[in-house]
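As structure tokens, the structure follows; a few thoughts come after it.
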Amino acid sequence: MASSPFISETEPWKDLRVHVDDIKKTHLRELMSDADRCQSMMVEFDGMLLDYSRQCATLDTLKKLYNLAGVAHLKEKINRMFNGERINTTENRSVLHIALRAPRDSVVNSDGKNVVPDVWQVLDKIKDFSERVRSGVWIGATGKVLKDVIAIGIGGSFLGPLFVHTALQTDPEATEFASGRQLRFLANVDPIDVARNIAGLNPETTLVVVVSKTFTTAETMLNARTLREWISAALGPQAVSKHMVAVSTNLTLVEKFGIDPNNAFAFWDWVGGRYSVCSAVGVLPLSLQYGFDVVEKFLKGASSIDQHFHSAPFEQNLPVLLGLLSVWNVSFLGYPARLTTFKQNFIQVSMESNGKGVSIDGVPLPYETGEIDFGEPGTNGQHSFYQLIHQGRVIPCDFIGVVKSQQPVYLKGEVVSNHDELMSNFFAQPDALAYGKTPEQLLNENVPHHLITHKTFSGNRPSVSLLLPSLHAYNIGQLLAIYEHRVAVEGFIWGINSFDQWGVELGKSLATRVRTQLNASRKKGEPVEGFNFSTATVLTRYLEASADVPKEDCTILPKM
Ligand SMILES: O=P(O)(O)OC[C@H]1O[C@H](O)[C@H](O)[C@@H](O)[C@@H]1O
């Protein structure tokens, strides 16, 4: 099959390339002085306000980006996704995380079958199960209520749920429902993470949820076996069925592991791991902690953005605008990184989706794709790495602010409330980046000559600001979906497959070889063989220096 031409060969791409020179001549300071331009670069939807006026872009840039979207067939690609076509071609799968939050009476087809009833069957099962656990109808092996949950999972089976949990943890409505309960996440395979997770928990009152799409991920399965041992060592092996449940697409392996299939919560191949937080992956642990009704609001927020993404014209479409501007920053202005104050699962959603080297047809790309995403919430970044973004490299930034704090603090005698203090930075940083500070301004302030260059800020550094009315479950869903779809838009423009992740396989398979060697050396004293000089040397050193580990097959759990 003939492969499609690269987007970089199209006229709109070439036009944008030429346009870069015009834009580079114009400082953001000038662009910001045009109030009409700024007004046209603000979009509102469902209570949110996106301000992208601090992008190094004019209305003409936007027109050119819409032309690019046209030749990239962006609209058609979005429709193909919503229609359940197998757009993840290297895995021959459709990409239907939008179905996970579709209203009960809607229709989303995969291979001609409406998947919404299946989705709701699992959601109903989660609602029922979580209510039974929370109300103490489902109890542990010794008759105690299961008030604590450890969710074991990694990557997409961890980061999305962690993000939502982190955001809900301080939401007054959600916390009310979480009273007396704890939700912890065990992801990393480092044994100290096991220790941290079980510290202070009693197996008698703990429910373990093993979350893995494949149910083969080495870290998750070892952590699952470790906590199975923790439960059975304390309560006997028969307790496992009361204290362990699973979320997976691979129900056969769930059963083989020893978890009752009735206590397994399914999802489907058409849900990518990093797009799975709206499946049982997130909905089960979060419903156990906060109750299903809160989590349903999160799903509704995501669904609202899905419908917006599917139907709003590009000029008003938040994920489309954000995606196009990211492509502009990465591919044309040459800024490969992005800072966001919302980073947990977004780093995975973005970098695993779009860090690709070949087109969807498998042809090496003549341009780079993906961004290096990083960030810190609130003002933490200001006190660590903002030096670099103000005077070092140019890093386009996303600032996400909330009108109403989840937990307002007012102190008598203070100039502003604590939330206003936080938001002062939300408003100040984008302008500091855009305007900078000139040597003339510094001279007027009588700054000594030898410090002028040190204290100069070049400015002209782009950012977008997104203002949310509040941070309830619904808004968290909106935010998640905006970022998921933005990444899809970027990938659709770049002509890559944003839904596979072959790049994670090599490291995993090399770790398997090392694991085999460690076993052979520890158990049978075999020498290190088959590795390059460097690896063999350090591996041998590691084995020799840790020769005092137990030789016999035994179980030792953390002592915390
Ligand atoms: O959910 P699992 O099958 O355990 O997969 C967990 C994670 O492992 C892989 O390495 C993938 O890169 C991730 O996309 C995935 O989320």
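Note that ligands are numbered from 1 as they come in the structure, with each ligand's atoms numbered from 1 the same way. As a basis for the values below, the full set of heavy atoms in this structure was taken, side chains included, without hydrogen atoms, waters or symmetry mates.
Considering backbone and side-chain N/O atoms, Thr220 never comes within less than 3.5 Å of an N/O atom of ligand 1. Between Thr214 and ligand 1, at least one pair of N/O atoms sits closer than 3.5 Å.
The nearest protein atom to atom 16 (O) of ligand 1, hydrogens excluded, is given as Gly156 N, 2.8 Å; this is a heavy-atom distance. In terms of protein heavy-atom proximity, atom 5 (O) of ligand 1 is closest to Thr217 OG1, 3.4 Å. Ile154 O, 3.8 Å is the protein heavy atom nearest to atom 7 (C) of ligand 1.
When only modelled atom types and interatomic distance are considered, Asp171 and Tyr290 share no side-chain donor-acceptor pair under 3.5 Å. A side-chain N or O of Asn88 and one of Asn497 form a donor-acceptor pair less than 3.5 Å apart.
The closest heavy-atom contact to atom 13 (C) of ligand 1, among the options Arg274, Glu352, Gln501, comes from Glu352. The option from Ser276, Ser157, Ala218 that lies nearest to atom 1 (O) of ligand 1, judged by heavy atoms, is Ser157.
Contact atoms of ligand 1 toward Gln348: 13 (C), 14 (O), 16 (O) (distance under 4.0 Å to a heavy atom of the residue). Less than 4.0 angstrom separates some heavy atom of Val504 from each of these atoms of ligand 1: 10 (O), 12 (O). Applying the 4.0 Å criterion to heavy atoms of Gly155 picks out, from ligand 1, the atoms 16 (O). Proximity to Lys508 (heavy-atom distance under 4.0 Å) selects the following atoms of ligand 1: 9 (C), 10 (O).
Pro558 is linked by a side chain to side chain contact (heavy atoms under 4.5 Å, CB included) to Val194, Ala195, Ile198, counting only residues two or more places apart in sequence or in another chain. Partners of His485 under the ring pair (Phe, Tyr, Trp, His ring centres under 6.0 Å) rule, at least two apart in sequence or in another chain, are Phe309.
Within the 6.0 Å centre-distance limit, the rings of Phe499 and Tyr275 are counted as a close aromatic pair.
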Margin query: Run the side-chain hydrogen bond (donor to acceptor under 3.5 Å, both in side chains) test on Ser521 and Gln517 for me, step by step, so that the C-alpha distance in whole Å, both residues' side-chain angles and the decisive distance to 0.1 Å come before the verdict.
Written below: CA-CA 6 Å; Ser521 300; Gln517 177 70 58; 2.9 Å; yes
Next item on the list: Decide side-chain contact (heavy atoms from CB on, under 4.5 Å) for Val247 and Phe267; before the verdict, give the C-alpha distance in whole Å, the side-chain angles of both, and the deciding distance to 0.1 Å.
Entry: CA-CA 8 Å; Val247 175; Phe267 65 114; 3.9 Å; yes
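Between Phe129 and Trp138, the two ring planes are perpendicular [angle over 60°; tilted spans 30° to 60°].
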